[in-house]
Engineer: 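Take this structure, written in structure tokens, and hold onto it; I'll ask about it next.
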Amino acid sequence: ATINARGLRSHKVDIQTILASRQPPDIMAVTETKLKSQPRRQWLHRLFKGYTIKHTTHPETSKAGVLLAVSQTLAELGELKLQPTPPELNGFLVHATLHRPNSTPLHLVAVYCPHQLPIRKEIYKHITQSATAARAANDQMLILGDFNAVLQKEDRISCTTHPADTLHRQFVHDNGLIALDTPVPDN
């Protein structure tokens with residue numbers, strides 16, 4: 001699941017509703033958290049009770065912020081390890097790997113892509129490098145978040161293609177990615 005919070009503090013009730021549902025997500029990305037960098041956030045851990053969270057903030061708190069939440073049911077069966085990311089991607093990307101006994105490692109990448117093309121290109125570059133390394137190790141990868149781009153022009157009310165859309169489509173194609181709601185062709 002992905003939630004664009006546009007300010008986590010102001011959307012706590014929405015998140016509580018999702019987490020209290022009959023089938024809460026096992027893995028969730030929350031984008032545009034807009035949280036300040038603080039070492040202790042008791043309220044955040046209370047909000048995501050039952051989840052292990054990894055979070056990154058942007059130096060300018062009015063921008064970005066990404067949180068990755070993994071249900072403790074999944075996380076406690078193994079180890080959820082935060083992967084290093086370049087400092088310029090703080091607030092835009094969280095990458096963690098879930099290592100479970102007798103299972104293929106699962107890379108979890110939570111993303112918030114702003115509209116600015118230079119940072120978008122850096123995000124795509126990092127994910128491409130991570131995906132290449134994961135494939136080489138026969139690991140699995142799940143990428144979730146808010147890319148601020150569409151895969152099909154019909155997904156926009158105006159049916160126009162923005163530069164971010166073109167770049168996103170190329171990124172998806174080059175990495176052999178598929179949207180989870182996209183039917184996989186029978187071969």
Engineer: Of the options L35, L82, V94, L93, which is the one that meets T56 in a side chain to side chain contact (heavy atoms under 4.5 Å, CB included)?
Structural biologist: V94
Engineer: In the structure I gave you, are the side-chain heavy atoms of F92 and P114 within less than 4.5 Å of one another anywhere?
Structural biologist: yes
Engineer: Do any pairs count as a ring pair (Phe, Tyr, Trp, His ring centres under 6.0 Å) and have a residue in residues 124-145, sequence neighbours left out, and if so which ones?
Structural biologist: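 Checked against ring pair (Phe, Tyr, Trp, His ring centres under 6.0 Å) - neighbours excluded - the pairs reaching residues 124-145 are Y124-H168, Y124-F171.
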Engineer: Is there a side-chain contact between V66 and V30 (heavy atoms, below 4.5 Å)?
Structural biologist: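 Not touching, per the 4.5 Å side-chain cut-off.
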Engineer: Going by ring pair (Phe, Tyr, Trp, His ring centres under 6.0 Å), name the residues that satisfy it together with H55, two or more places apart in sequence or in a different chain.
Structural biologist: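 Here no residue qualifies.
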Engineer: Can you name the side-chain hydrogen bond (donor to acceptor under 3.5 Å, both in side chains) partners of N90, sequence neighbours left out?
Structural biologist: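 By the side-chain hydrogen bond (donor to acceptor under 3.5 Å, both in side chains) rule, N90 matches no residue at all.
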Engineer: Quick one: does V70's side chain get under 4.5 Å of M28's, heavy atoms only?
Structural biologist: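 Contact flag for V70/M28 side chains = no.
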Engineer: Same cluster or not: are Y51 and L77 linked, directly or through other Ile, Leu, Val, Met, Phe, Trp or Tyr residues, by side-chain heavy atoms under 4.5 angstrom apart?
Structural biologist: no
Engineer: Going by side-chain contact (heavy atoms from CB on, under 4.5 Å), name the residues that satisfy it together with A133, two or more places apart in sequence or in a different chain.
Structural biologist: none
Engineer: Can you find a heavy atom in the side chain of T161 that is under 4.5 Å from one in the side chain of T166?
Structural biologist: yes
Engineer: Would you say the side chain of I15 lies within less than 4.5 Å of the side chain of L8, judging by non-hydrogen atoms?
Structural biologist: yes
Engineer: If you look only at distance, which donor and acceptor atoms sit under 3.5 Å apart when one is on a side chain in residues 101-112 and the other is two or more places apart or in another chain?
Structural biologist:
| from | atom 1 | to | atom 2 | distance (Å) |
| --- | --- | --- | --- | --- |
| H107 | ND1 | H95 | NE2 | 2.9 |
| H107 | ND1 | T97 | OG1 | 3.2 |
| H107 | NE2 | D139 | OD2 | 2.9 |

Engineer: Is the backbone N or O of L151 less than 3.5 Å from a side-chain atom of R169, with the two atoms forming a donor-acceptor pair by type?
Structural biologist: yes
Engineer: Give every donor-acceptor pair under 3.5 Å between a side-chain atom in residues 140-147 and any protein atom, sequence neighbours left out.
Structural biologist:
| from | atom 1 | to | atom 2 | distance (Å) |
| --- | --- | --- | --- | --- |
| D146 | OD1 | N148 | N | 3.0 |
| D146 | OD2 | N4 | ND2 | 2.6 |

